[in-house]
Amino acid sequence: MMKKKIILANWKMKLNFQESHKVIDEFIKIHRPNDATEVVICPSFTVLEKASEKLADTGILLGAQNCFWEQAGAFTGEISPAFLKELGCRFVIVGHSERRSNLAETDEIIHQKVKAVLEEGLTPVICVGETFEERQDGNKDFVIMNEVTKAIEGIELKPADELIVAYEPVWVIGSGQAVEPEEAKHTHQVIRQVLIDHFEAGAVNERVRIIYGGSVDSTNIKNFFEAGNIEGALVGGASLDAHNFHELILAAGQI
Ligand code: PGA
């Protein structure tokens, strides 16, 4: 089975309800779904319900930026994978570096979230990446291997499960300067090895995608996709405007 490429828009906490729906309305008008690429929008929680209604039958999929690790209960302020599924979400970003650093999200918390997301039949988008210091210390590959291992340890993929690992070098996010595609390609190979050591190679080939994130835009996406083992992109800044995001998707489709 040929895996489709996937492009996810991570809007972070940058667009309010009104702004988000303006972008969604514009994007629906200009986007033409194609068989080679899945497109996912991950807006704020407050936007999801109405976004789900609008995106139904457009071919554009919906994702959330975070979740809790239990499905229901006395957890004030939290939102579970089950609740997200109820709203039509198919994907949940887990362990974004902004949560790891600002909200002290640990590898163990991320692991619990990955399990909870899979339990509901949703696809976790597990973010991993090294900081600039870790890179300067020569620990990049070790950090990545460790984060991937901790996130998936003990988890078995059921036949219908899918999983995405997003390599996002922390120091590149939002900087406007992505890493070289060759570099991302190498790191993706490292991630792939960890995944194959843990899951069966067949499952990895069919149901796990390794994507890149960090200053992806319409001018560089093609180079990443051409690198060979990069199966999608997690896009922040360049997804906040419907036309920019559309350009990016068109550029990605040119390979
Ligand atoms: P960026 O963000 O594209 O603005 O660098 C990517 C992300 O944080 O997922």
Side-chain angles (χ1 to χ4, degrees), residues 5-16 19-20 23 27 37-45 47-48 51 60-67 89-105 110 113-114 117 123-132 134-135 140 143-144 147-148 151 163-181 183-184 187-188 191 209-225 227 230-252:
K5 291 239 183 336
I6 185 160
I7 299 178
L8 299 105
N10 174 14
W11 286 354
K12 311 190 180 187
M13 202 179 73
K14 294 199 171 178
L15 301 178
N16 67 22
E19 291 159 344
S20 299
V23 179
F27 186 66
T37 317
E38 283 180 323
V39 175
V40 185
I41 293 180
C42 305
S44 291
F45 285 138
V47 173
L48 289 173
I60 304 161
L61 304 171
L62 191 63
Q65 298 175 16
N66 177 41
C67 69
C89 284
R90 295 257 310 270
F91 301 84
V92 186
I93 299 173
V94 178
H96 191 282
S97 62
E98 287 153 13
R99 299 191 60 83
R100 289 183 193 255
S101 62
N102 301 335
L103 296 149
E105 238 179 58
I110 291 158
K113 290 185 177 186
V114 171
V117 170
T123 302
V125 181
I126 307 168
C127 299
V128 299
E130 82 286 2
T131 62
F132 191 68
E134 288 163 342
R135 183 187 187 83
K140 187 195 83 176
V143 167
I144 305 290
E147 286 183 345
V148 177
L163 191 118
I164 295 172
V165 177
Y167 170 50
E168 296 207 303
V170 176
W171 51 285
V172 156
I173 292 173
S175 72
Q177 185 63 56
V179 297
E180 290 300 320
E183 158 124 44
T187 312
H188 282 219
I191 294 170
R209 283 178 283 193
I210 307 171
I211 69 174
Y212 170 79
S215 296
V216 174
D217 60 30
S218 59
T219 65
N220 61 23
I221 181 113
K222 192 162 167 260
N223 305 339
F224 282 105
F225 281 11
I230 299 176
E231 299 170 298
L234 183 54
V235 186
S239 71
L240 294 169
D241 173 275
H243 291 275
N244 279 351
F245 192 45
H246 178 62
E247 288 275 299
L248 184 151
I249 292 162
L250 289 183

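We count ligands from 1, going down the list as the structure has it; atoms in each ligand are counted the same way.
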Trainee: Any side-chain heavy atom of Ser44 sitting closer than 4.5 Å to one from Trp11?
Mentor: no
Trainee: Please list, in number order, the atoms of ligand 1 under 4.0 Å from a heavy atom of Gly237.
Mentor: 1 (P), 3 (O), 4 (O)
Trainee: Taking side chain to side chain contact (heavy atoms under 4.5 Å, CB included) as the criterion, tell me which of Ile93, Val165, Val94, Ile110 meets it with Cys127.
Mentor: Ile93
Trainee: Just checking Glu19: does its CD atom have more than 12 heavy atoms from other residues, nucleotides or ligands closer to it than 6.0 angstrom?
Mentor: yes
Trainee: For Arg135, look at atom CZ and say whether over 12 heavy atoms of other residues, nucleotides or ligands are found less than 6.0 Å away.
Mentor: yes
Trainee: Are Glu105 and Arg99 close enough, and set up right, to give a salt bridge (charged side-chain N to carboxylate O under 4.0 Å, His left out), and what steps lead you there?
Mentor: CA-CA 6 Å; Glu105 238 179 58; Arg99 299 191 60 83; 2.7 Å; yes
Trainee: Atoms of ligand 1 less than 4.0 Å from His96 heavy atoms?
Mentor: 7 (C), 8 (O), 9 (O)
Trainee: Give a yes/no verdict on whether any heavy atom in Gly214 is under 4.0 Å from an atom of ligand 1.
Mentor: yes
Trainee: Consider ligand 1: state whether an atom of it lies below 4.0 angstrom from any non-hydrogen atom of Ser215.
Mentor: yes
Trainee: Minimum distance, heavy atoms only, to atom 2 (O) of ligand 1: which one of Glu168, Lys14, Lys12 is it?
Mentor: Lys12
Trainee: Is it the side chain (CB and beyond), the backbone, both or neither of Asn10 that lies under 4.0 Å from ligand 1, heavy atoms counted?
Mentor: side chain
Trainee: Can you name the atoms of ligand 1, numbered from 1 with element, that are less than 4.0 Å from a heavy atom of Gly174?
Mentor: 1 (P), 4 (O), 5 (O)
Trainee: For the residue pair His188 and Tyr212, categorise the inter-ring angle as parallel (less than 30°), tilted (30 to 60°) or perpendicular (more than 60°).
Mentor: tilted
Trainee: Which protein non-hydrogen atom lies closest to atom 3 (O) of ligand 1, naming both residue and atom, and how far is it?
Mentor: Gly236 N, 2.8 Å
